[in-house]
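Have a look at the structure below, then the notes.
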2 protein chains.
Amino acid sequence: MTDSATTASVSPGHAHRNGKMPDPEPATRYHHGALPDALLSAARLILERDGVAALSLRAITRAAGVSHTAAVPHFGDLAGLLAELAATGMDELRAALVAADGTSRLIAEAYVFYAMDHAHMFELMFRSDLIDRNRPRYREAASALFAILAEPSHSSATVAQEEDKVKDGIYDMPDAARYTAAWGLVHGLAVLATDGRLDPLRSRLKDPVSRKELVRQAILSVPPLL
Amino acid sequence: MTDSATTASVSPGHAHRNGKMPDPEPATRYHHGALPDALLSAARLILERDGVAALSLRAITRAAGVSHTAAVPHFGDLAGLLAELAATGMDELRAALVAADGTSRLIAEAYVFYAMDHAHMFELMFRSDLIDRNRPRYREAASALFAILAEPSHSSATVAQEEDKVKDGIYDMPDAARYTAAWGLVHGLAVLATDGRLDPLRSRLKDPVSRKELVRQAILSVPPLL
DNA sequence: CCGGTAACTTTCCATTGGAAAGTTATGCTT
DNA sequence: AAGCATAACTTTCCAATGGAAAGTTACCGG
C-alpha cells in the first residue's frame, strides 16, 4: 500500500489573515490557508494513535493532504514541526501542574500522571533527537514548565520570603538542589512508568496495585521536596 | 562518499570453536569466526564516538568489514544486536553500583555518574524503541540491575530481617514504594543531566557548579531512601 | 569424501528526509 | 487596476536506511 490507512485528511479550516473568504469549497486548493495548524493537528493525531515512531514527515503531510515537502516553508524540517507539537505538550503539562495546585505531592503526582495519560506526547516532549530544542516556542514552553517546579510558592515559607529569594531568577544552592531532586524524581518515575520498567517489580508485589498506585506510593515515600 | 570515514575495521579476533587455527592471515575470509563479538565491538565504538543515532546496521557491519546483512544469523535484526550491546552496558552500570558499595547515597551517585560518564551507552540502554527488550541477555541484565537497587542490604536493618523480607523476591508495599522512588530519582536525574536539561537552572545559580556537583547536592537534599 | 547446513554475500525493494527546481496564487506597489 | 515580487506549495530526484530473498562459500558430521 502507498497510503490509504493513514490518510485522515485534516480539513483546511479557513482562516485567511484578512476576513475575506477565499472560495466556498474548492475540493482542493493550492494555497491551503492554514497548513501549519493542519499539520500540527495531523501530527498530533498520528502521535496519539501510533506513537512517536510513526511521526514521519510523509505520514503527517499525507494526513494533511499535501505534498511531503509542504511543511518546509512553515517549520523548516521535521524536527521543527515536532518541536512545535512538543511545545503544546509542554503547555498542557504545565497547565496540569497548575491545575493540581496544592501540596508539592499533588504537583508531583500530576506530573507523572500526565506522562502516563499522554505517554506518546510525553515521550516526544523529551526526545531531543527528534525535536529542534532551539525553536523559541519550545524553549519558552520548556522553561515555563520548569518555572512551575521551581516556584517556591508551594513551600511553607511566607510569600515575602520567597519573592525575595527568586529575585532575578537567581537560585542559591539549597533551593536549586531541591528543585533538581524534585524534577528528577517525578521525571524518572514518569519515564520508568511509561516505559513499562516498573512492571517487573509490580508483578512481584505481595498485593498487586496499578501503575499509578505504585507511583503514588513512591511519591508518598519521599518527604515533600518543594 | 559511500563509506571510508566510518570504516574502523574491527579485526576478526580468531576463536574457532575447536583449537584449530583456520588460516594464518587471509586478508579477508568468508567465515569470520567471531563475527558477533566483532559486531558488538564495532557497534560500541560507533556508539561511543557518534551516539545512538549513528548505530545503523550498515555502519556497524561496514566497520566490521562484512556485508550489511551479515548480522542476521547472529542477532536477527538491528534491535537484537543493540539489545546485546545495551545488556553489556547494564552489566557495567550494575558493576559500578556494586563498586560504590556503601551508603545508598553513594549508590545513587554512582548511578547518575555512570550515566553522565557513558551518556551514549546509558541512552541506548533505555531506548526501548531501538532494542529488543525480550532478548534473554538483556532481560537478565536489566533485572540484575534492578536487583541491586532493591537490595535491602543497604538499609539500616539487620541482615536477618532483610533476608526474611526478600523471600521469594516478593516485596511489600512500603519497600516497593521506596525502591521505586529511589530508582525514579536517580534515573530522572540521569536522564535530565545527560540531556542537558539541568543546564538552564545551573546557569542561573548564584555561584555556578558543575553538573555533577548539582546532581550530588540534589541527591543529598533527599533523605536516604534505601 | 560427501552432503547438509550455517555463515555469509548480492541483489532488490519500500520507506525515509531533504535538496532543487518548477508552478501557482497572494498581496503590495504604483 | 495591473503587474510583479514573493511566499506557498508540488514534482522530481537522491542518498541512506532495514530487511527479505536468493545465491555462494565453507565448515562439520557421517
Measure the distance from CZ on B:Phe75 to P on D:dG18 and round it to the nearest whole Å. 15 Å

How many whole angstroms separate atom CG of A:Leu57 from atom P of D:dT10? 12 Å

Any idea which of C:dG17, C:dC8, D:dT17 is nearest the B:Ser56 side chain? D:dT17

Please classify the nucleic acid contact of B:Val72 as base, sugar-phosphate, or nothing, using heavy-atom distances under 4.0 Å. nothing

Examine the side chains of A:Arg62 and A:Ser56 and answer whether a donor and an acceptor come within less than 3.5 Å of each other. no

Specify the separation, in whole Å, of atom CD1 of A:Ile46 and atom P of C:dT16. 10 Å

Protein-nucleic acid N or O pairs under 3.5 Å, nucleotides 10-12 of chain C:
from   : atom 1 : to      : atom 2 : distance (Å)
C:dT10 : O4     : B:Thr69 : OG1    : 2.9

How long is the line joining CG of B:Asp132 and C1' of D:dG19, in whole Å? 15 Å

As a quick check of understanding, evaluate side-chain hydrogen bond (donor to acceptor under 3.5 Å, both in side chains) for A:Arg202 and B:Thr180, giving each step before the final call. CA-CA 10 Å; A:Arg202 212 155 53 80; B:Thr180 301; over 6 Å; no

Please find out if less than 6.0 Å separates the ring center of A:His118 from that of A:Phe113. no

In whole Å, what is the span from the NE2 atom of B:His74 to the P atom of C:dT5? 18 Å

Which of D:dT17, C:dG18, D:dT10 is nearest the side chain of B:Arg62? It is D:dT17

Between A:Leu82 (CG) and C:dG17 (C1'), how many Å, whole number? 12 Å

Using atom types as modelled, flag every donor-acceptor pair under 3.5 Å from a side chain in residues 87-97 of chain A to any protein atom, sequence neighbours excluded.
from    : atom 1 : to       : atom 2 : distance (Å)
A:Thr88 : OG1    : A:Leu85  : O      : 2.6
A:Asp91 : OD2    : A:Arg137 : NH2    : 2.6
A:Glu92 : OE1    : A:Arg44  : NH2    : 2.9
A:Glu92 : OE1    : A:Tyr114 : OH     : 3.2
A:Glu92 : OE2    : A:Arg44  : NH1    : 3.2
A:Glu92 : OE2    : A:Arg44  : NH2    : 2.7

A:Arg139/A:Asp132 ion pair, N-O < 4.0 Å: no

Spacing of B:Leu35 atom CG relative to D:dT25 atom P, expressed in whole Å: 18 Å

Partners meeting ring-ring contact (aromatic ring centres under 6.0 Å, His included) with B:Phe146 (sequence neighbours left out): B:Trp183

Give a yes or no on whether a salt bridge exists between A:Arg204 and A:Asp199, defined as a side-chain N under 4.0 angstrom from a carboxylate O. no

Just how far, in rounded Å, is C1' of C:dG18 from CG of A:Leu81? 14 Å

